[in-house]
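Here is the structure we will look at.
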Amino acid sequence: MSLMQNVPSALALTSLSHAGPAMRWRTEALRSHPTARLILITKGQGRVTVSGLTNGYGPNNLIYLPPQTMYGIEVGPTVHGQVLTLPDTADWPAAPLHLRLLDVWLQKEAAQYFDQIEKELQPAGHPRAAALWLGLLAIFVDRQARAQVATPNDSRRDSAAAKLVARYTQLIARDFQLDRGVGSYAAELGVTPTHLARCCQQIAGRSALALLHDRIHYEACVLLRDTQTPINQIAEMLGFHSAAYFTRSFQEKSGQTPTDFRRANGRSMAR
């Protein structure tokens, strides 16, 4: 069975803005994608969690997320930004990147690339032109990454605990639908469940189980919203032993049954 994460993505640009409490899962729930994302924050501030590590972000921040990177971002009422879906990462970094563009001319240059890509993605635009602007944006990001000065966050990211949590989130992104427990992941990582839980609490501020459940919940929301797949099949696809158990778990997380969530958020046709 195919999950939504396996649907190929083309170059696309979408807006990032605040949604009501019932829709916070769209940004804050930890998720991963088969293709990379580049987020440009143009206004507001909040927190972003990447590979289990939470940092603050503000205006004129660029956040690059390689394929299958677990992330979630708080989007408050003052936050505005754009998200680029990158189908090809040949010219992009292998690791996540968080750039803070402090100089005004750099901020304008980054905004220009996004504006030009958006223009060329319109019906009157040209795909080759969009690809060329994207190539220039990749060079821009590479230059800023090379020029970036080390910050205290780098030492946090390079700690043994952060590296363990990052590896754990990579495994979740790969296997979240396989009905694996935290103990199974810990065994593959060569640590005890207690040690993994302690590191997750230290780095991510939440338990190892919560990180796993968050990823599963996001996928459930997407499947309920974007497809007409029967709920019992979604439960099976996500590793639940029964539709009833899936329903209880989903309701505890969202305050709605899967049926009520689909009724309120579902699209008329499957993607």
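Nothing here was measured: the structure is a model prediction, and the numbers come from that model. Values below: all heavy atoms of this structure, side chains included; hydrogens, waters and symmetry mates excluded.
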Applying side chain to side chain contact (heavy atoms under 4.5 Å, CB included) to F140 and L106, what does each step give before you reach the verdict? CA-CA 9 Å; F140 173 84; L106 291 177; 3.9 Å; yes
Are the side chain of Q177 and the backbone of M237 linked by a donor-acceptor contact shorter than 3.5 Å? no
Say you draw a straight line from CD of Q82 to OG of S17; how long is it, rounded to the nearest 0.5 Å? 11.0 Å
Would you say that L212 contacts Y185 through its side chain, given a criterion of any heavy-atom pair below 4.5 Å between the two side chains? yes
Approximate separation, where rounding is to 0.5 Å, of R100 CZ and Q144 CD: 14.0 Å
When every non-hydrogen atom of P96 is compared with those of S51, the smallest separation belongs to CG-OG, 4.2 Å
Donor-acceptor check, side chain of T169 to backbone of A166, threshold 3.5 angstrom: yes or no? yes
Quick check: do R157 and N55 have side-chain heavy atoms less than 4.5 Å from each other? no
Side chain to side chain contact (heavy atoms under 4.5 Å, CB included) for F176 and L238? Distances and angles first, verdict last. CA-CA 7 Å; F176 67 89; L238 295 176; 4.0 Å; yes
Do NZ/NE/NH1/NH2 and the carboxylate oxygens of R248 and E252 come within less than 4.0 Å? no
Show your working on side chain to side chain contact (heavy atoms under 4.5 Å, CB included) between T227 and Q233 and close with a plain yes or no. CA-CA 11 Å; T227 79; Q233 290 186 23; over 6 Å; no
Can you see whether R37 engages T35 through a side-chain donor-acceptor pair at a distance of less than 3.5 angstrom? yes
To the closest 0.5 Å, what do you measure between CG (D226) and CZ (R262)? 10.0 Å
For the residue pair C200 and R206, establish whether any side-chain heavy-atom pair is separated by less than 4.5 Å. no
For I39, the other hydrophobic cluster members (4.5 Å side-chain criterion, sorted by chain and number) are L16, I41, V48, V50, Y57, I63, L65, Y71, I73, V75, V79, V83
Of all heavy-atom pairs between I203 and S159, which one has the smallest distance, and what is that distance? CD1-OG, 4.2 Å
List the atom of A243, the atom of A235, and the distance in Å for their closest heavy-atom pair. CA-CB, 3.9 Å
Does K119 come within less than 4.0 Å of D115, counting only side-chain N to carboxylate O? no
Shortest non-hydrogen contact from L101 to A110? CD1-CB, 3.7 Å
Is it the case that one hydrophobic cluster holds both I139 and L84, taking links as side-chain heavy atoms less than 4.5 Å apart, direct or via other members? no
Quick one, I117 and L134 - any side-chain contact, counting heavy atoms below 4.5 Å? yes
Donor-acceptor check, side chain of R47 to backbone of E74, threshold 3.5 angstrom: yes or no? no
Side chains of Q116 and L136, heavy atoms from C-beta outward: is any pair under 4.5 Å? no
Distance-only check: which donor-acceptor pairs under 3.5 Å involve side-chain atoms of residues 254-261, not counting sequence neighbours?
from	atom 1	to	atom 2	distance (Å)
S254	OG	F250	O	2.9
S254	OG	Q256	N	3.2
S254	OG	Q256	O	3.1
T257	OG1	D260	N	3.1
T257	OG1	D260	OD2	3.2
D260	OD1	R263	NH1	2.8

Please check: side-chain N/O of T78 versus main-chain N/O of G44, any donor-acceptor pairing under 3.5 Å? no
Does Q112 CD have over 12 foreign heavy atoms under 6.0 Å away? yes
Any ion pair linking E188 and R174 (charged N to carboxylate O, less than 4.0 Å)? yes
Donor-acceptor pair, E120 side chain versus H126 backbone, under 3.5 Å? yes
How long is the span from the NZ atom in K163 to the CG atom in L53, to the nearest 0.5 Å? 12.5 Å
Quick one: sort the F240 and Y245 rings into parallel, tilted or perpendicular, breaks at 30° and 60°. perpendicular
Out of curiosity, Y64 OH to L86 CG, how far, rounded to the nearest 0.5 Å? 6.5 Å
Mind checking whether H33 and P67 have side chains closer than 4.5 Å, heavy atoms only? no
Do V182 and Y168 touch side chain to side chain, with heavy atoms closer than 4.5 Å? yes
Specify the closest pair of heavy atoms between T89 and A36, including all atoms of both residues, with the distance to one decimal. CG2-CB, 3.4 Å
Same apolar cluster (I L V M F W Y, side chains within < 4.5 Å links), W105/L40: yes
Is the count of non-hydrogen atoms from other residues, nucleotides or ligands lying under 6.0 Å from R24 atom CZ greater than 12? no
Pair M70, R215 - check side chain to side chain contact (heavy atoms under 4.5 Å, CB included), show working. CA-CA 8 Å; M70 286 261 291; R215 179 64 186 90; 3.4 Å; yes
Let me confirm one number: the CG-CG distance from N61 to L102, rounded to the nearest 0.5 Å. 8.5 Å
Flag yes if L137 and L132 sit in one hydrophobic cluster, no otherwise; membership is Ile, Leu, Val, Met, Phe, Trp, Tyr, and two members link when side-chain heavy atoms are under 4.5 Å apart. no
Looking at every heavy atom in both Y218 and A29, which two are closest together, and how far apart are they? CB-CB, 4.0 Å
Heavy-atom side-chain contact between N60 and V104 under 4.5 Å: no
Heavy-atom neighbours of R26 CZ exceed 12 at 6.0 Å: no
